[in-house]
Student: 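This is the structure I want to talk about, given as structure tokens.
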Amino acid sequence: MSKIQKQSRRARLLFQFFFALTPIAVCYYWLTVETPYDFLTSRGIIQLSYDFDSYTQLPFTLTTRILAMVTSLLLCCIIMYALKVLIRLFRNYEQNEIFTLENANYYQKLGYSVFYWVGASVVYGTLMSVVLSFNNPPGERMLAISFVGMDFLTIVFGFIVLIISWVMKEGYTLADENSHTI
């Protein structure tokens, strides 16, 4: 087994682990956040990306938790899609299928998933502002839309991945033409 195959197997197994862990972690987070069972954030293992106090001073109801969990799982679907593509890509690398049209297509899918991520993140932030402030009295509910600098960098990263996929497709086409030349 070559070094590429061995490292690809490790990466694939790691991505499969994250594929299984991601929805479980999202559900656990929203069911336990701001409760006595929330040992991950209370011990600093996970840093909160939300300042809940800016949305509401009230404790989360079960409805709020479930709506937040469903909203987060929708965003999680994009992560899981990207992980699925990475699992397939590294499975091909593991089988020593390196420069193939299929892999170039996987890179293209990864590039597009980065764009989906940015768009969904904007929608996610907006939905979460509504969900987290839902129990506030009328006049204190929020609707916040944000596009941060990291979103711009993520879009740039998506373009880079797409360009790599185009280069790989062109390389595959040239290699295929050369293999048919006598």
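A quick note: this is a predicted structure, and the numbers were derived from the prediction, not measured. We count residues from 1, following the sequence as given.
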Student: Please walk me through it: do Phe115 and Thr154 pass side-chain contact (heavy atoms from CB on, under 4.5 Å)?
Tutor: CA-CA 8 Å; Phe115 295 126; Thr154 305; over 6 Å; no
Student: For Trp30, is there any backbone N or O sitting under 3.5 Å from a side-chain donor or acceptor partner on Arg65?
Tutor: yes
Student: Could you tell me which non-hydrogen atom of Met168 sits nearest to which non-hydrogen atom of Ala104, and how far apart they are?
Tutor: CB-CB, 3.8 Å
Student: Counting N and O atoms only, with roles assigned by atom type, does the side chain of Gln7 sit under 3.5 Å from a partner on the main chain of Ile4, one being a donor and the other an acceptor?
Tutor: no
Student: Tell me whether the count of non-hydrogen atoms from other residues, nucleotides or ligands lying under 6.0 Å of CG in Leu21 goes above 12.
Tutor: yes
Student: Does any part of the side chain of Tyr172, heavy atoms only, come nearer than 4.5 Å to the side chain of Phe99, both counted from C-beta?
Tutor: no
Student: For Tyr37, look at atom OH and say whether over 12 heavy atoms of other residues, nucleotides or ligands are found less than 6.0 Å away.
Tutor: no
Student: Looking only at side-chain N and O atoms, does Thr64 offer a donor or acceptor that is under 3.5 Å from a partner on Asn135?
Tutor: yes
Student: Which heavy atom of Glu94 sits nearest a heavy atom of Ser8, and at what distance?
Tutor: N-CB, 3.7 Å
Student: So do Phe60 and Leu132 actually touch side chain to side chain, heavy atoms under 4.5 Å?
Tutor: yes
Student: How far apart are the closest heavy atoms of Ser133 and Met142, and which atoms are they?
Tutor: OG-N, 2.8 Å
Student: Using a distance-only test with no angle check, is there a side-chain donor-acceptor pair under 3.5 angstrom linking Glu97 and Tyr93?
Tutor: no
Student: Between Arg12 and Gln16, do the side chains contain a donor N or O and an acceptor N or O under 3.5 Å apart?
Tutor: yes
Student: Start with the C-alpha gap between Asp38 and Thr35, add the side-chain angles, then the distance that decides, and say whether side-chain contact (heavy atoms from CB on, under 4.5 Å) holds.
Tutor: CA-CA 5 Å; Asp38 181 19; Thr35 68; 4.3 Å; yes
Student: Considering non-hydrogen atoms only, spot the tightest contact between Ala82 and Leu110 and give its length.
Tutor: O-CD2, 3.7 Å
Student: Counting only N and O atoms by type, is there a donor-acceptor contact under 3.5 Å from the side chain of Ser129 to the main-chain atoms of Ala144?
Tutor: yes
Student: Does either side chain, that of Glu102 or that of Asn92, offer a donor lying less than 3.5 Å from an acceptor on the other one?
Tutor: yes
Student: Heavy-atom count check: over 12 atoms from other residues, nucleotides or ligands less than 6.0 Å from Lys84 NZ?
Tutor: no
Student: Decide yes or no for Leu75 and Ser121: does some side-chain heavy atom of the first lie under 4.5 Å from some side-chain heavy atom of the second?
Tutor: yes
Student: Other hydrophobic cluster members with Leu127, side-chain heavy atoms of Ile/Leu/Val/Met/Phe/Trp/Tyr under 4.5 Å, chained?
Tutor: Val123
Student: Please report the closest heavy-atom contact between Phe18 and Thr22, naming both atoms and the distance.
Tutor: O-OG1, 2.5 Å
Student: Using every non-hydrogen atom in the two residues, find where Leu73 and Cys27 come nearest and quote the distance to one decimal.
Tutor: CD1-SG, 3.9 Å
Student: Surrounding CZ of Phe134 (heavy atoms of other residues, nucleotides or ligands, distance under 6.0 Å), is the total greater than 12?
Tutor: no
Student: Can you tell me if Tyr124 and Thr71 form a side-chain donor-acceptor pair at under 3.5 Å?
Tutor: no
